[in-house]
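One structure is given below, encoded as structure tokens.
Note that ligands are numbered from 1 as they come in the structure, with each ligand's atoms numbered from 1 the same way.
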Amino acid sequence: MNYISTRGAAPILNFDDVLLAGLARDGGLYVPETWPILTPATIGGLHAKSFAEIAVEVIHPFTGGSIPREHLERMAADTYTGFGHAAVAPLVTLMPKLHVLELFHGPTLAFKDVAMQLLARLMDYVLERRGARATIVGATSGDTGGAAIEAFRSSKRVDIVILFPRGRVSDVQRRMMTTPTEANVHAVAIDGTFDDCQALVKAMFNDLAFRDRVALSGVNSINWARIMAQITYYFSAAARLGAPDAKVSFAVPTGNFGDIFAGYAAKHMGLGVDKLIIASNENDILPRTVATGVYEMRDVMQTSSPSMDIQVSSNFERYLFEASGRDAGLIAGFMRDLAANKRFALGGVGENLKRDFAGAAASEADVAAAVRLVEAEHGYLLDPHTACGYVAAGRHRGPGDMVVLATAHPAKFPDAMEAIVGARPPLPSRLSALMTDAEWFDELPNDLRAVQHFVQCKSRVGREASTSEDLCGGQE
Ligand SMILES: *Cc1c(COP(=O)(O)O)cnc(C)c1O
């Protein structure tokens with residue numbers, strides 16, 4: 001199993017290297033050269049398996065023999081016993097044919113834990129085998145950072161720096177990043193938006209000398225292994241609803257397009273998926289693209305679902321690559337247009353997009369109405385992100401089963417929930433110290449040089465490579 005870049009000009013990598021690489025050296029994203037297929041018999045047998053066992057079925061073919069199956073089994077079992085629910089990702093039925101897939105039972109109460117917890121174990125495994133270290137730099141709109149720090153705080157081989165937009169993440173989200181005290185963890189408040197943070201990370205990846213100097217690795221959803229680990233719950237949910245005989249639709253609260261791309265990948269692997277619905281908040285670039293065939297950036301709006309307050313959906317590039325018949329030249333052209341004009345027209349690829357996805361955007365009023373309605377009718381509290389999914393599901397329901405991905409626990413967004421339902425959902429008891437523990441973080445301007453200097457000085461790999469020109473001061 002090899003991995004190729006969506007822009008066609010980066011080296012082909014094996015699984016271990018793609019795990020550590022993040023962004024490809026040509027600025028593209030890695031995708032598997034071929035899609036492994038799970039047979040109907042295998043899919044039919046999944047309903048009898050645990051979540052960790054389903055993860056192994058899904059993931060093992062992507063590793064191309066690099067990780068012996070029994071080692072992967074051990075890592076998956078270890079990862080998912082740490083979750084707060086025995087089923088890991090339980091399916092809650094609100095009414096016949098309408099289900100919520102709870103993906104928020106990990107340590108940071110958002111779906112990102114499902115992949116990140118496994119990714120950290122996979123990376124440590126591969127680094128250990130090589131006797132190497134890595135430096136992870138990531139940008140977060142709120143949830144990735146906490147999930148990444150929580151996953152890597154016990155890593156012996158990784159230093160991690162997470163950039164978050166100052167004042168634009170919830171208190172709970174910020175505290176999940178700033179309260180861990182391990183020396184390998186660095187949370188940094190950037191004076192800018194999430195897109196600024198993401199641009200800084202991309203620029204560091206594109207500075208190849210810097211990238212090599214600190215052994216830079218990525219854990220944003222540009223990292224293939226995260227998408228891979230998210231495919232698991234599409235299979236686990238569909239298996240519970242009768243796959244391979246039943247076709248299931250999924251409504252996916254979407255920001256960077258990573259989660260829903262995992263659903264698209266599940267379809268390539270043989271899962272019977274009916275509709276894949278891109279659910280947005282008022283930052284509706286993707287539903288607009290489905291409707292118009294033009295991807296056009298606008299200003300980012302702050303909403304009650306901050307993890308979806310995004311105008312650049314990085315993983316959409318992976319879809320465009322597939323939908324264009326893997327035309328790397330076309331994709332590189334799209335991305336040049338986007339950089340120059342903040343827009344590009346999909347041309348013929350837009351027809352495929354309409355066939356493969358539905359889209360729907362929820363206004364802030366839609367979100368509030370959905371949260372109140374579901375609480376009143378079903379006694380179930382949706383968080384604002386999941387509520388966008390619920391709204392989108394309502395606009396595209398057919399006769400079959402519909403699964404709304406619950407991407408966060410409502411307690412993660414207490415201010416937004418209080419504004420909608422008049423009460424702050426309590427945090428699960430395992431997080432009781434979160435709101436009172438001391439916080440540790442650095443603040444930096446939206447400036448590439450300043451951030452690179454910081455990363456180099458905090459990274460054990462970077463410090464070893466330092467010359468007298470990159471002074472880190474006496475604080476180390
Ligand atoms: C990250 C996140 C999303 C968006 O997921 P993408 O993979 O970026 O599309 C949605 N909801 C929550 C709660 C998130 O943390």
Side-chain angles (χ1 to χ4, degrees), residues 29 89 100-116 119 138-151 162 164-165 168-170 172-174 176-177 194-195 197-198 201 218-231 233-234 250-265 276-281 283-287 289 300 303-319 357 359 361-362 367 382-392 404-413 416-417:
L29 282 74
V100 173
L101 181 62
E102 293 186 342
L103 300 172
F104 52 66
H105 292 286
T108 70
L109 308 181
F111 84 95
K112 295 187 172 73
D113 291 324
V114 177
M116 202 72 86
L119 178 65
T140 186
S141 60
D143 287 336
T144 306
I149 285 174
E150 195 56 51
I162 295 292
F164 65 93
R168 291 170 190 254
V169 301
S170 79
V172 175
Q173 288 177 320
R174 190 190 64 250
M176 283 173 167
M177 295 186 271
F194 166 67
D195 288 331
C197 295
Q198 189 160 249
V201 171
V219 294
N220 279 93
S221 51
I222 53 180
N223 187 304
W224 165 254
R226 275 190 56 198
I227 310 276
M228 172 189 78
Q230 287 167 10
I231 299 170
Y233 46 74
Y234 288 91
F250 294 91
V252 187
T254 294
N256 234 336
F257 208 77
D259 202 3
I260 197 164
F261 188 80
Y264 177 78
L276 281 171
I277 303 162
I278 303 167
S280 295
N281 61 24
N283 296 287
D284 63 349
I285 182 165
L286 290 167
T289 306
V300 181
T303 72
S304 57
S305 44
S307 300
M308 297 156 60
D309 291 347
I310 281 176
Q311 287 292 324
V312 182
S313 258
S314 304
N315 279 289
F316 194 50
E317 179 167 342
R318 286 193 161 107
Y319 168 72
F357 293 95
V367 167
L382 302 171
D383 99 289
H385 302 77
T386 309
C388 293
Y390 179 88
V391 169
V404 178
L405 271 55
T407 50
H409 189 292
K412 200 158 185 185
F413 303 95
M417 294 307 295

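Looking at D259 and K112, their side chains never come closer than 4.5 Å, going by heavy atoms from C-beta outward.
Among Y319, F316, F250, the one residue that satisfies the ring pair (Phe, Tyr, Trp, His ring centres under 6.0 Å) test with F357 is Y319. Only one option out of V312, I310, D309 pairs with F194 in a side chain to side chain contact (heavy atoms under 4.5 Å, CB included); it is I310.
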side-chain contact (heavy atoms from CB on, under 4.5 Å) between D143 and Q173, worked out: CA-CA 6 Å; D143 287 336; Q173 288 177 320; 2.8 Å; yes
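Side-chain contact check for N315 and N256: no donor-acceptor pair (N or O, by modelled atom type) lies under 3.5 Å.
At a 4.0 Å heavy-atom cut-off, the residues surrounding ligand 1 are F111, K112, D143, P253, T254, G255, N256, F257, G258, D259, S307, M308, H385, T407, A408, listed by chain and number.
In this structure, S170 contributes its side chain and K412 its backbone to a donor-acceptor pair below 3.5 Å.
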